[in-house]
A.B. asks: 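Mind having a look at this structure? Questions to follow.
When a residue number appears, it is its place in the shown sequence, counting from 1.
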Amino acid sequence: MLQGKQGLSDKEILYFYKNILVYCEEEIVRHFRIDSKCVKDFIKDERINIHPATTGNPVFRLEKIYEDKSSFFSFKIHKKQGQVNALFKHFRNTVAHCNVNRQKIANRWFYVFIDKDRGKLTMTGKIPVKKLEPFIVALKQSERMNT
């Protein structure tokens with residue numbers, strides 16, 4: 001498997017492939033909501049900064065990953081795309097292109113995500129290892145029911 005390159009165990013790689021890559025390939029047509037209670041509560045409780053990038057508000061630079069132990073996701077979003085769908089798309093790309101790894105930052109273990117499109121940064125993010133799975137679960141539970 002890909003263990004050496006990203007510092008991820010086989011178990012972690014399997015989790016990423018099953019719960020992010022395959023999930024996104026099968027379910028990304030659904031509509032998810034960043035403003036759903038489960039996502040808002042999780043983001044607030046865990047102090048995760050969600051930063052959708054726009055033309056005047058670019059994706060956070062790579063150096064921000066190493067500045068402190070805060071959790072954040074900064075990602076490019078298209079007008080018709082919801083924030084959670086955009087985040088899932090970038091998560092999927094980081095897994096598919098082997099751009100997710102585990103790193104110790106400020107004495108804490110994080111998953112670090114980097115997505116690029118044609119060399120341009122489209123997503124940077126990090127979250128404590130123990131918080132990723134509950135975050136993914138909250139995002140999955142945010143599916144909009146009336147579409």
A.B. asks: To the nearest 0.5 Å, what is the distance between CG on L132 and CD on E46?
C.D. replies: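 Going from the CG atom of L132 to the CD atom of E46 covers 12.0 Å.
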
A.B. asks: Please round to the nearest 0.5 Å and tell me the distance separating atom CZ of F88 and atom CD1 of I136.
C.D. replies: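 Answer rounded to 0.5 Å: 5.5 Å.
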
A.B. asks: I need the L8 CG to L14 CG distance, nearest 0.5 Å.
C.D. replies: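 Rounded to the nearest 0.5 Å, the CG-CG separation comes out at 12.0 Å.
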
A.B. asks: Do we see a donor-acceptor contact under 3.5 Å between the side chains of D115 and T94?
C.D. replies: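 No pair is found: no donor N or O on one side chain lies under 3.5 Å from an acceptor on the other.
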
A.B. asks: Answer yes if F16 and V129 sit in the same cluster of Ile, Leu, Val, Met, Phe, Trp and Tyr residues linked by side chain heavy atoms under 4.5 Å apart, and no otherwise.
C.D. replies: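 Same cluster: F16 reaches V129 through Ile, Leu, Val, Met, Phe, Trp or Tyr contacts under 4.5 Å.
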
A.B. asks: Could you tell me which non-hydrogen atom of H51 sits nearest to which non-hydrogen atom of S74, and how far apart they are?
C.D. replies: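 Smallest interatomic distance, heavy atoms only, reads ND1-OG, 2.8 Å.
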
A.B. asks: Does K140 form a side-chain contact (heavy atoms from CB on, under 4.5 Å) with Y23? I'd like the steps, not just the answer.
C.D. replies: CA-CA 9 Å; K140 288 178 179 180; Y23 180 81; 3.6 Å; yes

A.B. asks: Would a 4.5 Å heavy-atom cut-off, applied to side chains only, mark H97 and I114 as touching?
C.D. replies: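 A side-chain contact under 4.5 Å is absent here.
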
A.B. asks: Could you check if a side-chain atom of H90 sits within less than 4.5 angstrom of a side-chain atom of F113, using non-hydrogen atoms only?
C.D. replies: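 No. Closest side-chain heavy atoms not under 4.5 Å.
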
A.B. asks: Please name the pair of heavy atoms, one in K130 and one in P134, separated by the smallest distance, quoted to 0.1 Å.
C.D. replies: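 Nearest heavy atoms, K130 then P134: O-CD, 3.6 Å.
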
A.B. asks: What's the shortest heavy-atom distance between R108 and P128, and which atoms?
C.D. replies: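 Taking every non-hydrogen atom into account, NH2-CG, 3.3 Å.
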
A.B. asks: Could you check whether any side-chain heavy atom of I105 comes within less than 4.5 Å of a side-chain heavy atom of V112, counting everything from C-beta outward?
C.D. replies: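 When only atoms from C-beta onward are counted, V112 and I105 do touch, with a gap below 4.5 Å.
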
A.B. asks: Any chance you could measure I48, atom CD1, to K131, atom NZ, to the nearest 0.5 Å?
C.D. replies: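 Separation between the atoms: 9.0 Å.
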
A.B. asks: Can you tell me how far the CG atom of L21 sits from the CZ atom of F91, to the nearest 0.5 Å?
C.D. replies: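 Nearest 0.5 Å value for the CG-CZ distance: 13.0 Å.
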
A.B. asks: Ignoring hydrogens and angles, write down the donor-acceptor pairs under 3.5 Å from the side chains of residues 38-45, residues two or more places apart or on other chains.
C.D. replies:
residue: D41; atom: OD2; partner: K37; partner atom: NZ; Å: 2.6

A.B. asks: Taking all atoms of both residues into account, what is the closest heavy-atom pair of F110 and S71, and its distance?
C.D. replies: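 Shortest heavy-atom contact: CE2-OG, 4.2 Å.
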
A.B. asks: Is it the case that one hydrophobic cluster holds both V100 and W109, taking links as side-chain heavy atoms less than 4.5 Å apart, direct or via other members?
C.D. replies: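 Same hydrophobic cluster.
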
